[in-house]
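Okay, structure first, notes after.
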Amino acid sequence: MKKADIFEFYRRLAELNPDPRTELEYGNDYQLLVAVVLSAQATDVGVNKATRALFRAVKTPAQMVALGEEGLKEHIKTIGLFNAKAKNVIALSQILERDFGGEVPRDRDTLTTLPGVGRKTANVVMNTAFGAETFAVDTHIFRVGNRTGLAPGKDVLAVEKRLEKDTPAPFRRDAHHWLILHGRYICKARKPECWRCPVADLCRYKPKTPAPAA
DNA sequence: ATCCCGAGGG
DNA sequence: CCCTCTGGAT
């Protein structure tokens, strides 16, 4: 996509949503990290439903370790991949407690060493908790970037590099959230709602879906 | 490339 | 029924 169009693309999303935030619910950095790990291949709504009760009881890594893997599973049974996630969250909490004084590390490379934390999760935590200008390329951003032509790439890392290179300075902090929200509510995987899309004229996606009959 | 895996929507 | 949801580890 041309530079001027990229700028206009973000300008419109920014106008519609001046202060975008994650829809995950959390009370501190540690809870955010846990919520993001749980959100892999799951919806924010589903994660929030489970963490509502969990985060009332567990606010620190030490409390999570005390709860234990089986206790955690009871809370997150309704989330996909819950066995692997419970195992990772307990292991990760033990490491935070033992090696990091119960604090969440503030750099991506250290975050990535934690079990269950890959590049995408680390990028979300760096952006959302610490205000870093990172681009976490999830299923939504990968789809929106390729479908619209805003940030095409054959894999998630290629899309991330393209976003880092092409995103104008004023939008770098919030681009991540704008693209997520756009992908979740308008540029949806199955039936993109192009008839009410604010950037349809800048988009290369050909089969623009018609508005449903009133 | 494959496995992990529940809820919600169409 | 099938597809999708803020992926990571092997």
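Order of the sequence lines fixes the chain letters, A, B, ..., with proteins taken first and strands second; residue numbering starts at 1 for each chain.
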Original post:
Do A/R119 and A/L157 come close enough that some side-chain heavy atom pair is under 4.5 Å?
Top reply: yes
Original post:
Which is true for A/G116 with a 4.0 Å heavy-atom rule: it touches a base, it touches only sugar-phosphate, or it touches nothing?
Top reply: sugar-phosphate
**OP:** State whether A/N88 places a side-chain N or O below 4.0 Å from either non-bridging phosphate oxygen (OP1 or OP2) of C/dG8.
**Re:** no
**OP:** Grab the CG-C1' distance between A/N123 and C/dT6 for me, whole Å please.
**Re:** 11 Å
**OP:** Using the P atom on both, measure C/dG8 against B/dA7 and round to a whole Å.
**Re:** 22 Å
Original post:
OP1 or OP2 of B/dA7 sitting under 4.0 Å from any side-chain N/O of A/K77?
Top reply: no
**OP:** Take A/P115 and A/L24, find for each the nucleotide of DNA chain C with the closest heavy atom, and name the residue whose nucleotide sits nearer the 5' end.
**Re:** A/L24
Original post:
Hey, does A/K188 reach any base, or is it just sugar-phosphate, or nothing, if we go heavy atoms under 4.0 Å?
Top reply: nothing
Original post:
According to a strict under-4.0 Å criterion, is A/H140 in side-chain N/O contact with OP1 or OP2 of C/dC5?
Top reply: yes
**OP:** Check every atom of C/dT6, C/dG7, B/dA7 against the side chain of A/T78 and return the nucleotide holding the closest atom.
**Re:** B/dA7
Original post:
How close or far is atom C1' of C/dC5 from atom CG of A/L81, stated in whole angstroms?
Top reply: 10 Å
**OP:** May I ask you to decide whether A/E69 forms a salt bridge with A/K87, counting only side-chain N to carboxylate O separations under 4.0 Å?
**Re:** no
**OP:** Side chain of A/A40 only, please: which of C/dG7, C/dT6, B/dG6 is the nearest?
**Re:** C/dG7
**OP:** Describe the nucleic acid contact of A/A189 in one word from base, sugar-phosphate, nothing, applying a heavy-atom distance below 4.0 Å.
**Re:** sugar-phosphate
Subject >> Side chain proximity check, A/L179 to A/F9, heavy atoms < 4.5 angstrom >> reply: yes
Original post:
Expressed in angstrom and rounded to an integer, what is the separation of A/I79 atom CD1 from C/dG8 atom C1'?
Top reply: 16 Å
**OP:** Could you please name the option among C/dC5, C/dG8, B/dG10 that lies closest to any side-chain atom of A/R190?
**Re:** B/dG10
**OP:** Take atom CD of A/E164 as the centre, draw a 6.0 Å sphere, and report whether it contains more than 12 heavy atoms from other residues, nucleotides or ligands.
**Re:** yes
Original post:
Looking for any heavy atom pair under 4.0 Å, which part of the strands does A/V137 touch: base, sugar-phosphate only, or nothing?
Top reply: nothing
Subject >> Base C/dT6 to side chain A/T22, donor-acceptor N/O within 3.5 Å cut-off >> reply: yes
Original post:
Under 4.5 Å between any side-chain heavy atoms of A/V34 and A/Y26, yes or no?
Top reply: no
Original post:
Salt bridge check: are A/R12 and A/E15 linked by an N-O gap of less than 4.0 Å?
Top reply: no
Original post:
Nearest-Å distance, CZ (A/R119) to P (C/dG8)?
Top reply: 11 Å
**OP:** Could you pick out which residue, A/K49 or A/N83, lies toward the 5' side of DNA chain B when each is mapped onto its nearest nucleotide?
**Re:** A/N83
Original post:
A/D44 has an atom CG; how far is it from atom P of B/dA7, in whole Å?
Top reply: 17 Å
Subject >> Side-chain N,O (A/T121) to OP1/OP2 (C/dG8) below 4.0 Å >> reply: yes
Original post:
Taking atom P in both C/dT6 and B/dT2, what distance in whole Å separates the two?
Top reply: 25 Å
**OP:** Round to the nearest Å and state the distance from A/L32 atom CG to C/dT6 atom P.
**Re:** 15 Å
Original post:
DNA chain C: A/L114 or A/A136, which has the more 5' nearest nucleotide?
Top reply: A/A136
**OP:** In whole angstrom, give the distance that lies between atom OH of A/Y26 and atom C1' of C/dT6.
**Re:** 13 Å
Original post:
Over how many whole Å does the gap from A/L92 atom CG to C/dG7 atom C1' extend?
Top reply: 14 Å
**OP:** Verify the contact: side-chain N or O of A/Q41 to OP1 or OP2 of C/dC5, cut-off strictly under 4.0 Å; return yes or no.
**Re:** no
